[in-house]
Amino acid sequence: MNTVESLNPEQKKAVIADNENMLVLAGAGSGKTSVLTHRTAWLVNEQGVPPMNILAVTFTNKAAKEMRSRVESLLDISTHGMWIGTFHGIAHRLLRRHAGEIGLDPQFKILDQDDQLQIVKKIVKDLNIDDKIYPPRTIRAFIGARKDEGVRADSLHSSDSRYDYTYIKAFQAYETQLRVDKALDFADLLLYVHDLFDQNEGVRRSYQDRFKVILVDEFQDTNKIQYDWLKLLVTTQNSIMAVGDDDQSIYGWRGAKVENIFKFQKEYAPVSVIKLEQNYRSTQTILDAANAVIANNEERMGKNLWSDGDKGEPIAIYEAVSERDEAAYVSTKIADKLKMGVSADQVAILYRSNAQSRALEEALITQKVSYRIYGGVRYFERAEIKDVLAYLRLIAMPEDNLAFERIINVPTRGIGLRTIDKIREYARDSHLSLWASAEDMVEAKLLPAKALNTIKTFIVMINGMKSLIQPLGLADKIKVVLEGSGLLEFHGSSKHEKAQQKLENMQELVNAAQNFNPPVDVVEEQEMLQEFLAFAVLESGESQADENTPAVQLMTLHSAKGLEFPHVYMVGLEEGLFPTSRSVDMEEKLSEERRLCYVGITRAMKALTISYATSRFQYGESSFPMKSRFLNEIPKEHTQSVRMGNTKPKTFGFGVSPTDFLNKRAKAIASHTSPIGSQYKQGDIVEHAKFGMGVFLGNEGDGEDARLHVDFKGGYGAKVLVAKYARLTKIS
DNA sequence: TAATCAGCTTTTTTT
DNA sequence: AAGCTGATTA
């Protein structure tokens, strides 16, 4: 199939370009993925480029999957030989192949963030670092930031005055520990591939030869090390096409460098630059709003989205009195839409931080709206899942100290800290693994009788499972481990609140293994396990919820990038939350927040609703935020204030437009002083005969007919009361 | 050694 | 609100 005809001139230009370096600046919804997939198809179908000579790199697994399936539908032949994957996925694949060439143990394991943190914690303890001054999280962030910019511990000198010596020391210890554990973190995957290409000319050449065409998606999100290793692959004989949008750069905090786009233009010259500005996704109103917001950023490459579609509906703005009110509004509106025949999966709720999902979930449940949540603790990051995987690891590789430490006393089997400390000590002195040390110590009876017995039982159990498991397939291996480890029984008989959920999660792992499809051709069972373990880290949370039933999607703005929905609700547009309080006094960070807002707005195809609350319960206390500056950046002619109950504004006979009226009211409520005549101030604690204590949020009008907004404690929530009947008592 | 509890801190985004 | 740490009790 060839559908180049369906493309616009700019898209077409990018698709049928010669073997040249190209930068495609693709605005939101401008058909970026179409360009990437059609280019691939055109190369294969028309130019006869074999799929195996193409490398396509994305950032998320979702994007990689989508790309493969869309390419497949355009191709006459199989995409099997084509490399499509995330930076990390491809790096992993390369390293498994070439571990030997750069002195890596081919059995290396991959650490997720939690594993990293555990290691840092251990180091903090070992080095007697004060964790009040140097919290492990901060140290981890330091290490991550250095590695993302390609700086290794051994290239940092203790005299380097840029950094506190303690960080450097911890960094060095961390790197040593990773080598001992034969473990790589996410950044290592990229770093080692860089080293591989940099140091091994033969390997570099072979991939330069192989990849005639390199396609990179979301180029604005590349960090230094990713940029560098791509560069090592490009020669005068092949070409690279970078697709990105500087306005959608939202991962600066993770080391992404928008500047890479500028650098690309210089370092890969001559580069043909193609701008895709025609948007096929959203109404003109939505685009105008997005353009207006992003125009407040400096240092843009400059793009303006346009569409030849309809103007569409104005953007609805809802001012809530609390996060519960906000959630109630959003969920009732969604329920209404579903009743009108909108399918649930056409609707998304987007928020700045995962913590915001809670109130929304509760409200959706009340409305009986089925929803699916993305993010939060991902499936393979759950403690109980990692426990099971640790058993598998220890059984397969007894020298895996990380696995040993994780499960030696999970479920609790009477092996306490004292015993574990002794094993650690023995291991350190004898340079053995913890497992081997435990074996030795049992042999030589180096422990008190009780500890000796429990350890012995543990060893026998692991060894027993080992021989049992050997011939079994992955799913059956897991079944044996669930039973044999005692994990099933432990959680099954636990009266802990979450025990049932944990049990189900663990059972689900058997299914996950059953359905697991290794990305490379695997022959040995051992290799299968290794691929599964890597998959669990690299693709920790993909598609666990069943995707068959349509559901409203809840996710952060970050994870919404690249997606689109006919109906979008963007909630929590409040100063301090979005933009976050940590960004407001730094221009750079504020710009990134604004780009995030731009991403959010441009997810919407037909209808966009934005909401904010004048009071929000967070971090265990009430706050009274002002509405987000981003809201004020949207031209008023594109918005319409809405209220609970009716989307259409009421008519007012005062010669004042409804919008104006509501804006005035919004101001009155958002400001900390109420209009003259009210006896309460925002934030006052008041008491009501029936509802008890509450926080006064604001009022509409004054005198005895004034409507008072109060957020009551004790499960009553936000209420609107008429002043003359309310009989509130002011407490403070 | 294990489980429970009180008091403490900590809050963004994720391959 | 929720998770973590340290102390206390069984």
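The chains referred to below are lettered A, B, ... by the order of the sequence lines, with proteins before strands, and numbering in each begins at 1. Side-chain atoms are counted along with the backbone in the values below, which use heavy atoms only and exclude waters and symmetry mates.
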Nearest whole Å is fine: how far is B:dT14 P from A:K561 NZ? 12 Å
Flag the pair A:D246 and A:R300 as a salt bridge only when some basic side-chain nitrogen lies within less than 4.0 angstrom of an acidic carboxylate oxygen. no
Using 4.0 Å as the upper bound for N to carboxylate O, is an ion pair formed by A:E539 and A:K65? yes
Give the rounded distance in Å between these two atoms: CD of A:E588 and P of B:dT13. 21 Å
When you check the gap from the basic side-chain N to the acidic O, do A:E575 and A:R629 get nearer than 4.0 Å? yes
Presence of A:T556 side-chain N/O under 4.0 Å of B:dT12 phosphate oxygens OP1/OP2: no
Below 4.0 angstrom from OP1 or OP2 of B:dA2, is there any side-chain N or O of A:N409? yes
Pairs flagged by side-chain hydrogen bond (donor to acceptor under 3.5 Å, both in side chains) wherever residues 577-591 of chain A is involved - sequence neighbours left out: none
Any donor-acceptor pair under 3.5 Å linking the side-chain atoms of A:Y134 with those of A:T166? yes
A:E361 and A:Y371: side-chain donor and acceptor closer than 3.5 Å? yes
Among B:dT15, B:dT11, B:dA2, which is the nearest nucleotide to the side chain of A:T412? B:dA2
For nucleotides 1-10 of chain C, read 5' to 3', which letter fits each nucleotide if B means a protein heavy atom sits under 4.0 Å from the base, S means only the sugar-phosphate is that close, and - means neither? BSS-------
Can you tell me the distance, in whole Å, between the NZ atom of A:K450 and the C1' atom of B:dA2? 10 Å
Does A:F59 lie flat on the base of B:dT15, that is, centres under 5.5 Å apart and planes under 30° off? no
Distance in angstrom units between A:L590 CG and B:dT12 C1', rounded: 15 Å
Below 4.0 angstrom from OP1 or OP2 of B:dT12, is there any side-chain N or O of A:N354? no
Figure out the CG/P separation between A:L557 and B:dT14, and round it to whole Å. 10 Å
Nearest to side-chain heavy atoms of A:S559, which nucleotide of B:dT1, B:dT14, B:dT15: B:dT14
Electrostatic pair A:R424:A:E405 at N-O distance under 4.0 angstrom: yes
NA contact type, A:D221, heavy-atom cut-off 4.0 Å: base, sugar-phosphate, or nothing? nothing
Looking at A:D148 and A:K257, is any side-chain nitrogen of the basic one under 4.0 Å from a carboxylate oxygen of the acidic one? no
Is the phosphate of B:dT15, meaning OP1 or OP2, less than 4.0 Å from a side-chain N or O of A:N223? no
Regarding A:K561 and A:D221, does a basic nitrogen lie under 4.0 Å from an acidic carboxylate oxygen? yes
From CG of A:L191 across to P of B:dT15 the rounded distance in Å is 19 Å
Verify the contact: side-chain N or O of A:T580 to OP1 or OP2 of B:dT13, cut-off strictly under 4.0 Å; return yes or no. no
DNA chain B contacts among residues 86-95 of chain A, heavy-atom distance under 4.0 Å: A:T86, A:H88
Using the P atom in both, what is the distance from C:dC4 to B:dT13, to the nearest Å? 15 Å
Closest approach to the side chain of A:S353, judged atom by atom: which nucleotide of B:dT11, B:dT13, B:dT1 is it? B:dT13
Looking at the side chain of A:R352, which of B:dT13, B:dT15, B:dA2 is the nearest nucleotide? B:dT13
NZ/NE/NH1/NH2 to OD/OE distance under 4.0 Å, A:K32 and A:D245: no
Which is more 5' along DNA chain B, the nucleotide nearest A:R418 or the one nearest A:F186? Just name the residue. A:R418
Checking B:dT1, B:dT15, B:dT13 against the side chain of A:H558 (C-beta onward), the nearest is B:dT13
What is the distance from OH of A:Y379 to C1' of B:dT15, rounded to the nearest Å? 20 Å
Of A:I415 and A:R140, whose closest DNA chain B nucleotide lies nearer the 5' terminus? A:I415
With sugar-phosphate meaning primed atoms plus P, OP1 and OP2, does A:Q113 contact a base, only sugar-phosphate, or nothing at under 4.0 Å between heavy atoms? base
Can you find a heavy atom in the side chain of A:Q248 that is under 4.5 Å from one in the side chain of A:R595? no
Send over the distance from A:L577 CG to B:dT11 P, rounded to a whole Å. 15 Å
